[in-house]
Visitor: 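This structure is in structure tokens; I'll ask about it shortly.
The figures here come from the full heavy-atom set of this structure, side chains too, leaving out hydrogens, waters and symmetry mates.
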Amino acid sequence: MKIGYPKIIAISNLSLSYSPLFRPNTQVASSVFDDAVKDWSDEYPQFAEWGWGPSVQAEIWNGRHAMFGWVVMCACAYAKGHDLFPNGDAALNLKEWGTLSTITDFTSKGKATISNERAIILIANVHAFFVGICATIAPTPFSDTLLLDPNHPMYEWQVERNSKLGGVMPDMKQMGINPHAELMNGRMAMMGLITLLGYSGIQGQSMIDTINEWVGGAYF
């Protein structure tokens with residue numbers, strides 16, 4: 001989703017911690033989002049206290065991962081278009097890489113090995129995933145943690161921020177760099193990923209090819 005990105009995002013988010021926040025006061029937001037959060041908290045308090053489930057904390061981080069994913073995919077499309085992957089189209093050697101390099105080939109209804117390009121992207125994602133796990137297990141004192149931890153110095157700020165966010169629509173009057181904008185951008189990024197995945201599946205092409213198509217072939 002990490003090149004230390006949870007910490008980087010947290011640092012930038014920390015500077016916004018004292019921005020004025022206003023929770024949208026709409027009937028839809030109250031009856032849907034707030035009720036779902038309350039029901040989850042009542043039924044699974046052991047998970048809710050850590051920010052798991054339908055919560056603002058989870059939505060914020062899901063949105064951050066989605067936004068980071070878009071950056072990575074666009075970077076991969078650029079790298080592909082500028083031949084930054086060495087022998088990108090070459091298939092991995094099964095004898096050298098083993099069965100982990102295989103993938104189902106729907107065209108021939110058999111097995112094939114992934115390309116060098118896909119292997120590089122896969123390893124990069126695995127690296128980012130484990131860096132993220134490390135940042136989650138041992139967050140820095142100034143980080144916006146993935147899970148809510150009452151013993152963390154940022155806990156009170158996180159609870160206050162989360163209590164003023166959420167609802168179907170964030171406060172659109174809060175322009176600029178603030179938690180409301182981050183929440184909305186994250187939602188759009190998540191919806192974009194769903195659209196990208198669905199469209200790529202229907203067209204039978206990679207998501208990188210779809211991104212390149214959507215930008216009019218600007219990458220390659």
Side-chain angles (χ1 to χ4, degrees), residues 1-9 12-13 52-54 57-136 146 168-170 172 177 181-220:
M1 264 304 227
K2 287 182 180 177
I3 322 305
Y5 84 92
K7 298 181 181 180
I8 296 174
I9 296 176
S12 63
N13 210 42
W52 287 27
Q57 185 73 10
E59 183 179 18
I60 289 174
W61 275 99
N62 288 335
R64 288 172 177 174
H65 284 92
M67 291 186 284
F68 181 76
W70 274 108
V71 172
V72 171
M73 288 188 293
C74 290
C76 290
Y78 179 88
K80 179 178 180 179
H82 292 77
D83 297 325
L84 298 181
F85 293 122
N87 301 320
D89 295 330
L92 296 183
N93 189 304
L94 182 60
K95 292 183 179 180
E96 294 180 357
W97 293 93
T99 56
L100 289 177
S101 64
T102 59
I103 187 173
T104 301
D105 188 352
F106 293 101
T107 303
S108 62
K109 297 182 180 180
K111 293 286 185 177
T113 56
I114 62 177
S115 65
N116 196 34
E117 172 187 300
R118 288 191 176 187
I120 293 173
I121 295 175
L122 175 62
I123 294 301
N125 278 276
V126 171
H127 167 76
F129 176 70
F130 279 102
V131 170
I133 289 179
C134 293
T136 302
L146 178 64
V168 176
M169 290 294 293
M172 302 304 292
I177 304 175
E182 181 186 27
L183 186 69
M184 197 63 186
N185 288 335
R187 288 179 177 180
M188 290 188 290
M190 289 186 284
M191 290 187 293
L193 284 179
I194 295 173
T195 304
L196 175 65
L197 182 61
Y199 182 87
S200 299
I202 293 172
Q203 295 295 323
Q205 62 188 22
S206 69
M207 290 189 288
I208 291 180
D209 290 333
T210 298
I211 292 174
N212 184 61
E213 178 184 331
W214 285 355
V215 297
Y219 287 119
F220 52 88

Visitor: Would you say the side chain of I60 lies within less than 4.5 Å of the side chain of R64, judging by non-hydrogen atoms?
Guide: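 Yes, side chains in contact.
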Visitor: Does the side chain to side chain donor-acceptor pair (under 3.5 Å) test come out yes or no for Q203 and E213, once each step is laid out?
Guide: CA-CA 11 Å; Q203 295 295 323; E213 178 184 331; over 6 Å; no
Visitor: Within a radius of less than 6.0 Å around OH of Y78, do more than 12 heavy atoms belonging to other residues, nucleotides or ligands occur?
Guide: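 Counting neighbours around OH of Y78, 12 or fewer heavy atoms of other residues, nucleotides or ligands fall under 6.0 Å, so no.
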Visitor: Is there side-chain contact between K80 and I121, with heavy atoms separated by less than 4.5 Å?
Guide: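 No, their side chains stay 4.5 Å or more apart.
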Visitor: Working to the nearest 0.5 Å, report the span between OG of S115 and CG of L122.
Guide: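 Reported value, rounded in 0.5 Å steps: 10.5 Å.
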Visitor: Can you tell me how far apart CG (N116) and CG (D89) are? Round to the nearest 0.5 Å.
Guide: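 Rounded to the nearest 0.5 Å, the CG-CG separation comes to 9.5 Å.
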Visitor: More than 12 heavy atoms of other residues, nucleotides or ligands under 6.0 Å from CG of N93: is that the case?
Guide: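 Yes, CG of N93 has more than 12 neighbouring heavy atoms, counting only those of other groups under 6.0 Å.
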Visitor: Would you compute the distance between atom CG of N62 and atom CZ of R187 and round it to the nearest 0.5 angstrom?
Guide: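 Reported to 0.5 Å precision, the distance equals 11.5 Å.
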Visitor: Give me the atom names and distance for the closest heavy-atom approach of F220 to I208.
Guide: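 In terms of heavy atoms, the two residues are closest at CE2-CG2, 3.9 Å.
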Visitor: How close do L92 and A119 get, counting heavy atoms only, and between which atoms?
Guide: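 Reported closest heavy-atom pair: CD1-CB, 3.8 Å.
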Visitor: So how far is it from M184 CE to E182 CD, rounded to the nearest 0.5 Å?
Guide: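 The CE atom of M184 sits 13.5 Å away from the CD atom of E182.
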Visitor: Can you give me the closest heavy-atom contact between A189 and M67, atom names plus distance?
Guide: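 That would be CB-CG, 3.6 Å.
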Visitor: For A58 and G53, work out which heavy atoms get closest and say how close.
Guide: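 What the structure gives for the nearest pair is CB-O, 3.3 Å.
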Visitor: Quick check: does any side chain N or O of H127 sit under 3.5 Å from a backbone N or O of I123, one acting as donor and the other as acceptor?
Guide: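 Flag not set: sc H127 to bb I123 has no pair under 3.5 Å.
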Visitor: Just how far is it from atom OH of Y199 to atom CD of Q205, taken to the nearest 0.5 Å?
Guide: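 Atom-to-atom, Y199:OH and Q205:CD are 6.0 Å apart.
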Visitor: What heavy-atom pair brings D209 and S206 nearest, and what distance separates the two atoms?
Guide: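 Looking at all heavy atoms of both residues, the closest pair is OD2-OG, 3.0 Å.
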Visitor: Counting only heavy atoms from other residues, nucleotides and ligands, does the tally under 6.0 Å from CE of M207 exceed 12?
Guide: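 No, the 6.0 Å shell around CE holds no more than 12 heavy atoms from other groups.
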Visitor: So, for F85 and C76, which heavy atoms are closest and what is the spacing to 0.1 Å?
Guide: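 Heavy atoms only, the tightest pair is CE1-O, 3.7 Å.
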Visitor: What's the spacing between M190 CE and T195 OG1 if we round to 0.5 Å?
Guide: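 Those atoms lie 12.5 Å apart.
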